[in-house]
Amino acid sequence: MIIQDARQLALVVLQTVRRGAFADVALDQGFAKADLSSRDRGLATELVYGSLRRQRTLDALIDQLGKKKAEQQPPDLRLILHLGFYQLRYLDQIPVSAAVDTTVNLAKQNGLSRLASVVNGILRQYARLADRGQDQGDVLQLPADPIQQLGILHSFPDWIVECFRQTLPLPEVDALCDWLNRSPTLDLRINSHITTRDAVEATFKSAQVAVEHLPHLPHALRLSEHVGALHTLPGYAEGWWSVQDGSAQLVAQLVDPQPGETIIDACAAPGGKATHLAELMGDRGRVIACDRAASRLKKVAQNSYRLKLNSIEAHCVDSTDHPAFQNLGDRVLVDAPCSGLGTLHRHADARWRQTPESVDGLTQLQQTILNHTATWVKPGGLIVYATCTLHPAENEGVVQAFLNQHPAWEVEAPEGDLSAIASTGGWIKRWPHRDDTDGFFIARLRHHR
């Protein structure tokens, strides 16, 4: 059956996510079965990612205004109410009457006609309260506990809010959670091997594509507004640029690869940082791109081909146990698997997939990878350890545990322009609400002979 309604498609995708699928994969599969205009595809995307991201807040409203507990409601009813409440609370461009009526119709179309009046009543009750409460504060009732308050208000599990609270004061936790609910920006990394930022910027300007520079990133341009399909932008086919967030671009800069060196990227797929390393070397040297999954390494090869890079070698390798690379690398990059707490704005369902237990498992994996890849470094060489999480256990904790076990290693603070953004510990930690980029942790570790 071809789906011809944005809200129906959103419901189908949410049902698929509830069964364990990833949101982006489920949405792509849904679009393949839908006949929607570009406008309706945009609405469906907003509804899926928005209702997943704001799930806890929407559940709190349903529980607050509904008469039955969650376990007493049909699962699809709650998903339908998520879509209705999301439109009322977060999409100002959709009139109240349209949001309510389309949600009621969605209930009827999905075998819940007997509950259509319930959907109508609870949504209109919220709309009335929100209209009356414009000058008196939010309709949403919050508990007294500040962690739970922020968790419900911004729709995060309490444990993530508490994790942020370990490092930040509550007002900054509030600001960080708010930032992580915004639509992500789109940054480009200019391929310095074949062009320059000025040349790409001039071409974009001629095509009326607005861009801006980012501090500390000599090869970055941020798109100032939505531009549609990226492959239609000037220079995509020619390999002039890649999509890569500004914080991620700092990683290869801190590795600082030199022409003629052997660089090993221990967790390389899909190849964003491996290709950046090759670009910074002028494609002169050797970049060994490792991943456990051969299927994921295909993306590394595809990216290398588009960017016209020849120095990258793809190796299907388990970076927790591969002695063949001992003392091979001048520099090693460990862009470790992590909980992704710095990129939650890009992955709407990630906050609900991670748990304190999964973080514990990731921390053990990170330590194993770092300990083993240290044997890949030549005497006097270096490792750059990086994650896109903000969890102290995965960042400072892993680095400190490594230093405790390996006295011949120490943190080497960045020099030059990057020294301005380094912490007192010598590493770089990017906070989204402060730096307007993805959250990242990057530590450069030097081996002493």
Heavy-atom closest pair, residues [X] and [Y]:
| X | Y | value |
| --- | --- | --- |
| Leu14 | Ser51 | CD1-OG, 3.5 Å |
| Lys378 | Leu328 | CE-O, 3.2 Å |
| Tyr236 | Arg306 | O-NH1, 2.8 Å |

Original post:
Parallel, tilted or perpendicular for Phe402 and Trp409, by the 30°/60° rule?
Top reply: perpendicular
Subject >> Presence of salt bridge, Asp63 and Arg78, under 4.0 angstrom >> reply: yes
Subject >> Asp265/Lys273 salt bridge by N-O under 4.0 Å criterion >> reply: no
Subject >> Asp436: salt bridge (Lys or Arg N to Asp or Glu O under 4.0 Å) partners, not counting sequence neighbours >> reply: Arg222
Original post:
Do the side-chain N and O atoms of His219 and Gln249 include a donor-acceptor pair separated by under 3.5 angstrom?
Top reply: no
Original post:
Is there a donor in the side chain of Ser319 and an acceptor in the side chain of Thr373, or the other way round, less than 3.5 Å apart?
Top reply: no
Atom pairs and distances, donor-acceptor, side-chain atoms in residues 142-152, under 3.5 Å, two or more places apart:
| residue | atom | partner | partner atom | Å |
| --- | --- | --- | --- | --- |
| Asp145 | OD2 | Ile147 | N | 3.1 |
| Asp145 | OD2 | Gln148 | N | 2.9 |
| Gln149 | NE2 | Pro143 | O | 3.0 |
| Gln149 | NE2 | Ala144 | O | 3.3 |

Subject >> Which residues share a ring-ring contact (aromatic ring centres under 6.0 Å, His included) with Phe85, sequence neighbours left out >> reply: Tyr126
Original post:
Between Arg41 and Phe31, is NZ or CZ placed under 6.0 angstrom from the six-membered ring centre and within 45° of the ring axis?
Top reply: yes
**OP:** With Arg353 as the cation and Phe22 as the aromatic partner, state whether NZ or CZ is under 6.0 Å from the six-membered ring centre and within 45° of the axis.
**Re:** yes
Subject >> Residue pair Leu153, Thr57: steps toward the side-chain contact (heavy atoms from CB on, under 4.5 Å) verdict >> reply: CA-CA 6 Å; Leu153 180 63; Thr57 309; 5.9 Å; no
**OP:** Flag yes if more than 12 heavy atoms outside Gln93 fall under 6.0 Å of its CD atom; otherwise flag no.
**Re:** yes
